[in-house]
Amino acid sequence: MLNFSFEPYREEMIEVLKNFLKIKSVRSDGQLNMPYGKGIFDALMFVQSTAERMDLDCVNLYGHLAYVDYGFEGEMLAILTHIDVVPEGEGWTVPAFDGTVKEEKIFGRGAIDNKGPAIAALYALKALSDNCVCLNKKVRLIFGADEESGWEDMDFYKRHEPLPDVAFSPDGEYPVINAEKGLLHIGLSIKSDPPYGIETFEAGMRVNVVPSKAQCTVRVPYELIKKSLSSYICPIGAKLQAADLGGGLVRILAAGKSAHGSRPQTGINAAASLLQYLSTLALPAGGMTQAVYQLAQKIGTYYNGEAVELDLKDELSGKLTLCLGTLSINDGVLKAGIDIRYPVSYTRRHIEEKLEKHFSDFDISYKHALEPHFVPEESPLITALKEAYTEITGESAYCIAVGGATYARAFENAVTFGPLFPGKPSVEHGPDEYIEIDTLMKNAQIIANAIIKICGQ
């Protein structure tokens, strides 16, 4: 069991995380030796230099990821974190990339997902080294760089490095997540000839984020829109308003609330709300209008795929979720991005069959897919992690299932372990993302204790 304190590292950890959060590590166009863009490359260089100041060797794997090794050769425990983040989005009351500290919290995009836990894990290794803790396995702390996009980094790692024997990812919730739903990101597109009726539509930046804002321009008399909005009540609480642009064009705006795409019910989807409202209007006839009506009918403001025969659930992992993450209309072309998380007892093909049936008028593309992931609760890995959690927190440990997709599913014997404690709000991917300082410190303790449990002599 852990027998040393992390208090000597407290102020240093806060300062390091503040500086880390100032790096806008959102994926962008690749450059030479920077496959995911300069922001992510800068973040990799930051963790590498931080580790080296701790006298921990850090390998930068050609800009795809970095890792720190500690302990002996042989069996390997991997700790799976990531340093890339989603765009800041709207609604922040503090700067998204400044590392603001107030009310015993550190604010910034990536604070909880996943830069804070990455720093906690790094200091767990430093503390073990400083206290001369001997291990009988190698610990590899991995800093991934493409978790929020396509997981190209994990594909690269698997081609060039040995796979871990066991692994955990501090990128979800405590106590232990041993089941993750299947993930499917799809694109829908359709082209229409004039007249369009709906000229433009803009909403969303990432398919796995509930869009907080949406806007469109339509050729409908302004007075008609004004009268309609005066009595319209959005079924999920979005706020809508309109402005007369002249020349027969009206702009309609929708304001909602951002959230993680795996939990669409915790946000207010502005794109879906605006789509649903448009379906109540007598828009000019045409292919684009028909496409919008169809999307409103099939997706609308539903969370669980009810209108496309995807209202699925199982006892182990719960209900399927469906999130309209992006939607655009420009020059007669409609493009939509949808995030689906499906129960572990169903197959990807079952989901695809329903989508192809209900969206037969659209071109469907499958952008990103991850199979469901499950590790039995009685496994030695989970037993050790539960003990590590209970010894630090004094709380009983148990297993849960989620819709989120973490690096745990990249490896066979891997689970998600933290960083969010039971009862705490989920703030990742939303405005004013933060990590409590006490949560940061306790995560470092739990991770260090878990390493001792799994790898201690």
Side-chain angles (χ1 to χ4, degrees), residues 2 6 9-10 13-14 16-18 20-21 25 43 47 77-86 99 101 104-127 139 141-144 147-148 167-178 180 259-260 262-263 266 381-382 384-386 388-395 397-409 414-430 432-451 453-454:
L2 194 68
F6 274 81
Y9 305 106
R10 184 183 182 92
M13 289 174 67
I14 293 170
V16 168
L17 180 54
K18 284 170 56 180
F20 198 14
L21 292 172
S25 51
V47 294
L77 162 68
I79 302 172
L80 311 167
T81 70
H82 67 91
I83 53 83
D84 61 312
V85 301
V86 298
V101 178
E104 293 300 306
K105 300 172 182 175
I106 307 173
F107 290 82
R109 174 60 79 226
I112 193 77
D113 182 23
N114 191 236
K115 290 181 175 179
I119 294 302
L122 184 59
Y123 273 87
L125 286 187
K126 175 174 171 56
V139 179
L141 171 56
I142 296 176
F143 300 99
E147 196 272 349
E148 298 290 3
F168 67 83
S169 177
D171 192 21
E173 305 171 33
Y174 286 118
V176 179
I177 295 172
N178 71 325
E180 295 185 8
H260 196 290
S262 67
R263 293 186 297 274
T266 65
L381 170 64
I382 292 178
L385 293 176
K386 288 165 70 175
Y389 174 83
T390 297
E391 286 178 355
I392 299 299
T393 66
E395 303 291 334
Y398 48 88
C399 287
I400 55 178
V402 297
T406 75
Y407 280 150
R409 69 172 79 206
V415 297
T416 305
F417 186 55
L420 195 64
F421 289 97
K424 295 291 185 178
S426 299
V427 295
E428 75 277 18
H429 290 204
D432 289 350
E433 179 183 348
Y434 66 85
I435 188 170
E436 294 180 355
I437 294 173
D438 283 349
T439 295
L440 177 69
M441 302 304 297
K442 192 169 287 187
N443 265 275
Q445 290 178 277
I446 294 172
I447 291 170
N449 200 34
I451 293 170
K453 288 288 179 184
I454 297 168

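- Going from atom CG of D113 over to atom CD1 of I435 covers 10.5 Å, rounded to the nearest 0.5 Å.
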Considering only distance and modelled atom types, tabulate donor-acceptor pairs under 3.5 Å from the side chains of residues 418-425, sequence neighbours left out.
from	atom 1	to	atom 2	distance (Å)
K424	NZ	E436	OE1	3.3
K424	NZ	E436	OE2	3.4

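- A search for side chain to side chain contact (heavy atoms under 4.5 Å, CB included) contacts involving T266 returns A259, R263, not counting sequence neighbours.
- The salt bridge (charged side-chain N to carboxylate O under 4.0 Å, His left out) search around E148 returns none, not counting sequence neighbours.
- Listed by chain and number, the residues in a side chain to side chain contact (heavy atoms under 4.5 Å, CB included) with D438 are R10 (sequence neighbours excluded).
- Residues passing the side-chain hydrogen bond (donor to acceptor under 3.5 Å, both in side chains) test with K442, sequence neighbours excluded: none.
- The NE2 atom of H82 sits 9.5 Å away from atom OG of S25, with the distance rounded to the nearest 0.5 Å.
- For the pair L80/D171, no side-chain contact is recorded, criterion being any heavy-atom separation below 4.5 Å from C-beta on.
- Checked by atom type and distance alone, the side chain of E433 pairs as donor or acceptor with a backbone atom of G110 at under 3.5 Å.
- Rounding to the nearest 0.5 angstrom, the gap separating the CZ atom in R109 from the CG atom in D432 is 9.5 Å.
- Remark: E173 pairs with no residue by the salt bridge (charged side-chain N to carboxylate O under 4.0 Å, His left out) rule, at least two apart or across chains.
- The minimum heavy-atom distance linking A78 with I142 is given by the pair CB-CD1, 4.3 Å.
- In terms of heavy atoms, A124 sits closest to A448 at CB-N, 3.8 Å.
- In this view, E391 and M1, N449, K453 satisfy the side chain to side chain contact (heavy atoms under 4.5 Å, CB included) rule, not counting sequence neighbours.
- Considering only residues two or more places apart in sequence or on other chains, Y123 meets the side-chain hydrogen bond (donor to acceptor under 3.5 Å, both in side chains) condition with E12.
- The salt bridge (charged side-chain N to carboxylate O under 4.0 Å, His left out) search around K18 returns E15, not counting sequence neighbours.
- Residues I447 and P117 come closest through the heavy atom pair CD1-O, 4.3 Å.
- Here A118 pairs with T81, F143 under the side chain to side chain contact (heavy atoms under 4.5 Å, CB included) rule; sequence neighbours left out.
- The aromatic rings of F417 and F168 lie perpendicular to each other, with more than 60° between the two planes, well past the 30° mark.
- Atom CD1 of I112 is separated from atom CG of N443 by 7.0 Å, given to the nearest 0.5 angstrom.
- The shortest heavy-atom contact between K126 and Y9 is CE-CE2, 3.7 Å.
- Looking at T439, V101, I119 one by one, the single match for side-chain contact (heavy atoms from CB on, under 4.5 Å) with I106 turns out to be V101.
- Taking every heavy atom of both residues into account, A121 and I79 meet most closely at CB-CG2, 4.2 Å.
- Put simply, CD1 on I451 and CG on L141 are 8.0 Å apart, with the number rounded to the nearest 0.5 Å.
- Looking at heavy atoms from C-beta onward, F20 lies in side-chain contact with V47 at the 4.5 angstrom threshold.
- Between the CG atom of D84 and the NZ atom of K115 there is a distance of 9.0 Å, given to the nearest 0.5 Å.
- Looking only at distances, no side-chain donor or acceptor of S169 sits under 3.5 Å from a matching main-chain atom of A408.
- Under the rule for a side-chain hydrogen bond (donor to acceptor under 3.5 Å, both in side chains), the partners of Y407 that lie at least two apart in sequence or sit in another chain are D153.
- Looking only at side-chain heavy atoms (C-beta outward), V427 and Y434 come within less than 4.5 Å of each other.
- Looking only at distances, no side-chain donor or acceptor of R409 sits under 3.5 Å from a matching main-chain atom of V415.
- Considering only heavy atoms from C-beta on, I454 stays 4.5 Å or farther from V139 through its side chain.
- With sequence neighbours excluded, the residues that form a side-chain hydrogen bond (donor to acceptor under 3.5 Å, both in side chains) with T406 are E180, T416.
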